[in-house]
Amino acid sequence: MTTLHGKTVLVTGGTGGIGKETARRLARLDARVVLVGRDPGRARSAVEEIRRDTGNPDVAALTADLTRQRDVRRLAGELTDRYAALHVLVNNAGVVAPRRELTEDGVETAFAVNVLAPFMLTHLLFPVLRASAPARVVNVAGGIPRGRIDLDNLQGERSYVGLSCYNQTKLALMAMSHAFAERVAGTGVTVNVAYPGHAYTSMNKDLASTAYPVLARPVVPLLRLLLPVFYGGRAVVDASRSSAHLASSPDLAGMHGTYVDSRSRPTPWPASVLDERNRAAVWEICRRLGPVDDALLSDREWGSAG
């Protein structure tokens with residue numbers, strides 16, 4: 001039987017939806033689970049619920065607003081201050097923004113949370129991940145991950161539709177993850193991407209009709225009736241399967257730079273992610289928008305050039 005006894009796991013966006021179900025699955029495997037949420041009250045409730053449901057008392061929470069780079073940095077510092085090791089990082093937090101808004105750092109909100117926060121947090125925690133090796137980074141995709149990566153509109157600079165931008169950020173997350181995996185090959189830290197499938201969560205329950213593409217807006221009232229039926233309840237639990245599997249399965253030890261579908265099966269990366277120019281461009285955008293310690297970007301430090 002798979003067990004994560006003695007392993008420390010960090011799950012961002014762990015206070016609700018897919019993140020909370022992922023954390024619950026890992027707590028059942030006897031991991032030490034640390035949830036990250038923005039709201040302290042929701043974080044406390046999630047911790048109590050998961051402890052009660054799994055019988056695992058070793059569940060805790062840290063609070064951070066991942067739209068803020070200062071919070072991302074503080075989160076990494078608090079984690080390393082409190083825990084001597086980190087064996088799994090699940091970058092699950094995600095945002096669909098109904099309108100284009102910039103964070104306090106001048107970054108479009110969805111890009112800040114969905115791409116830049118995982119980029120920065122993985123860099124900041126990489127020393128402790130490497131020291132804890134073998135360790136795993138699991139980045140959670142979502143939406144409809146196909147089509148082109150529009151490098152001129154990654155932050156909705158030219159046009160902005162909430163769900164379309166969300167899909168773009170998830171493709172960009174995948175491109176960044178692929179590039180990250182190339183750079184850290186051979187370090188004992190694996191980087192993979194999980195596609196969860198569709199689920200009706202708090203992230204999309206209250207989306208304004210303007211967040212949908214124009215042609216879909218007339219049917220939004222119908223979607224609000226149907227989505228809870230088809231993608232609520234058990235679908236949310238099922239959507240945590242791929243990320244939890246990547247985080248825990250002993251059969252996947254050493255699997256690296258892989259994209260898995262909602263049934264945890266390795267699947268081809270989207271063509272736009274396989275385009276080396278896209279990966280390089282997304283990586284450089286992340287470096288520019290979310291500066292991290294240059295030493296952590298050194299190919300010599302990490303061993304494998306990208």
Could you tell me the separation between the CG atom of Leu154 and the SG atom of Cys165, rounded to the nearest 0.5 Å? 8.5 Å
What I'd like to find out is whether the side chain of Leu116 reaches to under 4.5 Å of the side chain of Val107, using heavy atoms alone. yes
Identify the two heavy atoms, one from Gly6 and one from His87, that lie closest to each other, and give their separation to 0.1 Å. O-CE1, 3.6 Å
Under a plain distance cut-off of 3.5 Å, with no hydrogens placed, do Tyr160 and Gln155 share a side-chain donor-acceptor pair? no
Flag the pair Arg44 / Val47 as yes when at least one side-chain heavy-atom distance between them is below 4.5 Å, and no otherwise. no
Please check this pair: side chain of Ser242 against backbone of Tyr195, looking for a donor-acceptor N/O pair closer than 3.5 Å. yes
Using modelled atom types and a 3.5 Å cut-off, is there a donor and acceptor pairing between side-chain atoms of Thr63 and backbone atoms of Pro40? no
Quick check: closest heavy atoms across Ser272 and Arg148, and the distance to 0.1 Å? CB-CA, 4.1 Å
With sequence neighbours left out, what residues match Asp105 under salt bridge (Lys or Arg N to Asp or Glu O under 4.0 Å)? none
Approximate separation, where rounding is to 0.5 Å, of Glu182 CD and Trp283 CH2: 9.5 Å
Apply side chain to side chain donor-acceptor pair (under 3.5 Å) to the pair Thr267 and Asp261, showing each step before the final yes or no. CA-CA 6 Å; Thr267 193; Asp261 64 16; 5.0 Å; no
As a quick check of understanding, evaluate side chain to side chain contact (heavy atoms under 4.5 Å, CB included) for Leu125 and Thr80, giving each step before the final call. CA-CA 8 Å; Leu125 292 175; Thr80 52; 3.9 Å; yes
Quick one: are Val184 and His256 in side-chain contact, heavy atoms under 4.5 Å? yes
Show the numbers, then the answer: is there a side chain to side chain contact (heavy atoms under 4.5 Å, CB included) between Leu75 and Leu121? CA-CA 8 Å; Leu75 169 63; Leu121 191 58; 4.0 Å; yes
Would you please test Thr54 and Arg24 for side chain to side chain contact (heavy atoms under 4.5 Å, CB included) and show each step? CA-CA 7 Å; Thr54 65; Arg24 195 191 316 271; 3.9 Å; yes
Salt bridge check, Asp53 against Arg51: does any charged N sit closer than 4.0 Å to a carboxylate O? no
Any sub-3.5 Å donor-acceptor pair from Gln69's side-chain atoms to Leu289's backbone N or O? yes
Hey, does Glu157 have a side-chain heavy atom less than 4.5 Å from the side chain of Glu108? no
Looking only at heavy atoms, what is the nearest atom pair of Gly13 and Asn92, with distance? O-ND2, 3.2 Å
Please check this pair: side chain of Thr169 against backbone of Val115, looking for a donor-acceptor N/O pair closer than 3.5 Å. no
Please list, chain by chain and in numerical order, all residues satisfying side chain to side chain contact (heavy atoms under 4.5 Å, CB included) with Arg82, sequence neighbours excluded. Leu62, Glu78
Please check: side-chain N/O of Asn153 versus main-chain N/O of Ser159, any donor-acceptor pairing under 3.5 Å? yes
Looking only at heavy atoms, what is the nearest atom pair of Gly19 and Val11, with distance? O-CG1, 3.7 Å
Mind checking ring-ring contact (aromatic ring centres under 6.0 Å, His included) for Tyr259 and listing every partner two or more places apart, or none if nothing turns up? Trp269
Just to verify, what does Asp71 make a salt bridge (Lys or Arg N to Asp or Glu O under 4.0 Å) with, not counting sequence neighbours? Arg74
Give a yes or no on whether a salt bridge exists between Glu49 and Lys20, defined as a side-chain N under 4.0 angstrom from a carboxylate O. yes
For Asp81 and Leu79, run side chain to side chain contact (heavy atoms under 4.5 Å, CB included): C-alpha distance rounded to whole Å, both residues' side-chain angles, the deciding distance at 0.1 Å, then the answer. CA-CA 5 Å; Asp81 285 345; Leu79 188 286; over 6 Å; no
Arg25 and Ala244: which non-hydrogen atoms are nearest, and at how many Å? CD-CB, 3.5 Å
Can you list, pair by pair, the side-chain donor-acceptor contacts under 3.5 Å of residues 132-139, counting residues two or more places apart and other chains?
| from | atom 1 | to | atom 2 | distance (Å) |
| --- | --- | --- | --- | --- |
| Ser132 | OG | Leu86 | N | 3.0 |
| Ser132 | OG | Leu86 | O | 3.3 |
| Ser132 | OG | Val128 | O | 2.7 |
| Arg136 | NH1 | Leu246 | O | 2.9 |
| Arg136 | NH1 | Ser249 | O | 3.0 |
| Arg136 | NH2 | Ser249 | O | 2.8 |
| Asn139 | OD1 | Asn91 | ND2 | 2.8 |
| Asn139 | ND2 | Ser177 | OG | 2.8 |

Please say yes or no: joined through hydrophobic side-chain contacts below 4.5 Å, possibly via intermediate residues, are Leu35 and Val237 part of one cluster? no
Please check: side-chain N/O of Arg279 versus main-chain N/O of Leu274, any donor-acceptor pairing under 3.5 Å? yes
To the nearest 0.5 angstrom, please state how far the CG atom of Leu4 sits from the OG atom of Ser248. 5.5 Å
Side-chain contact, heavy-atom cut-off 4.5 Å: His178 with Val191? no
Residue pair Arg287 / Phe119, side-chain heavy-atom distance below 4.5 Å: yes
Inter-residue atom distance Arg32.CZ - Leu10.CG, 0.5 Å rounding: 12.5 Å
Pair Ser243-Thr22, side-chain donor/acceptor within less than 3.5 Å: yes
Pairwise distance CD(Glu21) to OG(Ser240) - rounded to 0.5 angstrom: 5.5 Å
Residues at least two apart in sequence or cross-chain that pass salt bridge (Lys or Arg N to Asp or Glu O under 4.0 Å) with Arg263, listed by chain then number, are none
Quick one: CD on Gln168 to CG on Leu163, what's the gap to the nearest 0.5 Å? 13.0 Å
Whether the side chain of Thr258 engages the backbone of Met255 through a donor-acceptor N/O pair (distance < 3.5 Å, no angle test) should be reported. no
Within a strict 4.5 Å, meaning less than it, do heavy atoms of the Thr15 and Asp39 side chains meet? no
Linked, directly or transitively: Phe126 and Tyr83 (ILVMFWY side chains, under 4.5 Å): yes
Are Leu151 and Val273 co-members of a hydrophobic cluster defined by side-chain heavy atoms under 4.5 Å apart? yes
Sub-4.5 Å side-chain heavy-atom contact between Asn114 and Leu173: no
Nearest heavy-atom approach of Arg158 to Asp152 is NE-O, 3.5 Å
